[in-house]
2 protein chains.
Amino acid sequence: MPEPASKLSLADEAYREIRDALLSGALEPGQRLSEPELALRFNTSRSPAREALLRLEHEGFVERLPSGRVRVAALDVGYLEQLYVVRANLEGLAARLAAPLLRTVDLDAMTRSVDDMDSAVKNDDASGAIAAGQQFHDVLMRECGNEPLVSLLAALKGRIGRFRALVASLGDYDADRVLEHRRILEALFARDPDRAQAEMIGHVSRSATVLVRRLRERAADTP
Amino acid sequence: MPEPASKLSLADEAYREIRDALLSGALEPGQRLSEPELALRFNTSRSPAREALLRLEHEGFVERLPSGRVRVAALDVGYLEQLYVVRANLEGLAARLAAPLLRTVDLDAMTRSVDDMDSAVKNDDASGAIAAGQQFHDVLMRECGNEPLVSLLAALKGRIGRFRALVASLGDYDADRVLEHRRILEALFARDPDRAQAEMIGHVSRSATVLVRRLRERAADTP
DNA sequence: AAGCGTCGTTCTGTCGACAGATTTGACGAA
DNA sequence: TTCGTCAAATCTGTCGACAGAACGACGCTT
């Protein structure tokens, strides 16, 4: 069964594949993406390729030159910092909104996530830690009760994802990060929106600082 | 000269026109928008119409049914409230970021805007007040130094715009709203990011409350 | 060797067409 | 009348084609 779910249109498939290539770093900033080339690559006509590019443009993954041509968007660390400022604020808002809404089951699930993250970090299991962190945030997104907020954050996370590919993904989480999650969780258990928001903003901002520092180090290494 | 600037593609023109129709309320929620129909309306092929719909979908103005068909997105007041929660937070962030960046000329321009708003309100000049408010916010957007934030806010404002068409646009600003602007301005003059942020969040939230109340009243009138 | 115009190539924007799927509406049965 | 059925009408997803614009390489001029 080569296609378990061909429920996706060709445009969807092209979109996802290009997006994955962008997130994995296979496509480098500045690289041109032409419709005929992509069409050939996916064995389709230009229509699906064109639609995929339109979407990627809307989401900020590619830029359109005045001529109408498309290239992979630049990866500017300063821009990443701006993205993170917004993201920190919105994640903080999500925490604040979720604080009074989280049910016991949610809080328990989040507690488990943090515990998982803790042991993963102690075992140098980076992907496990990332998965646990993902779960933590997913509960917040699901329960914060604000759809536009969730989709905005998803869009931001997508944009940020491209930068992650530049640095070894190891070390996204460490003991400090685990502690920060515990503090957020504590505030949520206490139903304290202000503290939950503040802790979340601090957490995301610190994550940003770490990522930015690593990106700047890498940039210094490869001049 | 019927076309002063045909620098826009047919897809662009269609997009703008449909968007305007959506913002003005000419297109009602639930109404179907088919590509052939739009193509006919704009004397083009389906391609530009299709592209316009794709963009409108991405920006949340229209929804895509499982069948792939498109209809004008619903206008749910609860959803508007969610949008405003996010917007208030982001406008607050913009104010916070701008606080240390605003130059004297910017602060002066904003002062003038508030003064203009004041006299407009006193003269029952609704559109003048709106224009002044626009200027005030524009300075903030221009000077906050965070591109993603600006574009996110623009997107949010677009979505919110459709709701405005439902109520008589009169009374968007009143003496209270002017006072709120003055307080924001005061905080900015004092270079107090926390206060600027808090005042801005309060201002936007109260604007939301007024709009929501008016929408609910209207909904009660026309059952 | 740098600058510049020219020509072929490539690309985008747009068009019309077709197949498959969905929706509509008429028509007949209960 | 209400419901189910079936055929006509419509729509979307996709394709291939064409014109005009942009790009790139080449050779010519200075």
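Keep in mind that what you see is a predicted model, and the values were worked out from it rather than measured. Residue numbers begin at 1 in each chain, while the letters A, B, ... track the order of the sequences. Any value given below was found using the heavy atoms of this structure, including those in side chains, with hydrogens, waters and symmetry copies removed.
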message: Parallel, tilted or perpendicular: which one describes the rings of B:His203 and B:His181, with boundaries at 30° and 60°?
response: perpendicular
message: Using five pairs at each end of the helix from C:dA1-D:dT30 to C:dA30-D:dT1 to define an axis, what is the angle between those two axes, to 10°?
response: 20°
message: side chain to side chain donor-acceptor pair (under 3.5 Å) for B:Glu91 and B:Tyr84? Distances and angles first, verdict last.
response: CA-CA 10 Å; B:Glu91 297 256 19; B:Tyr84 256 111; over 6 Å; no
task: Check the side chains of B:Ser9 and B:Asp12 for a donor-acceptor pair under 3.5 angstrom, ignoring hydrogens and angles.
output: yes
message: Using the rule given for side chain to side chain contact (heavy atoms under 4.5 Å, CB included), can you reason through A:Arg32 versus A:Val70, listing the C-alpha separation, both sets of side-chain angles and the distance that settles it, and then say yes or no?
response: CA-CA 6 Å; A:Arg32 293 292 197 71; A:Val70 165; over 6 Å; no
query: Testing B:Leu23, B:Leu27, B:Ile18 for side chain to side chain contact (heavy atoms under 4.5 Å, CB included) with B:Phe61, which one passes?
result: B:Leu23
- line: note: A:Arg32, atom CZ; D:dA22, atom C1'; distance rounded to Å ~ 10 Å
- prompt: Which nucleotides of nucleotides 10-16 of chain D have their base under 4.0 Å from a protein heavy atom (B), which only their sugar-phosphate (S), and which neither (-), written as one string 5' to 3'?
  reply: BBBBBB-
message: Between the side chains of A:Glu13 and A:Arg16, is the shortest nitrogen-to-carboxylate-oxygen separation below 4.0 Å, so that they form an ion pair?
response: no
- prompt: In terms of side-chain heavy atoms, does B:Glu59 have a donor or acceptor partner in B:Tyr15 at a distance below 3.5 Å?
  reply: yes
task: Only one of B:Leu149, B:Ile201, B:Val85 passes side chain to side chain contact (heavy atoms under 4.5 Å, CB included) with B:Leu90; say which it is.
output: B:Leu149
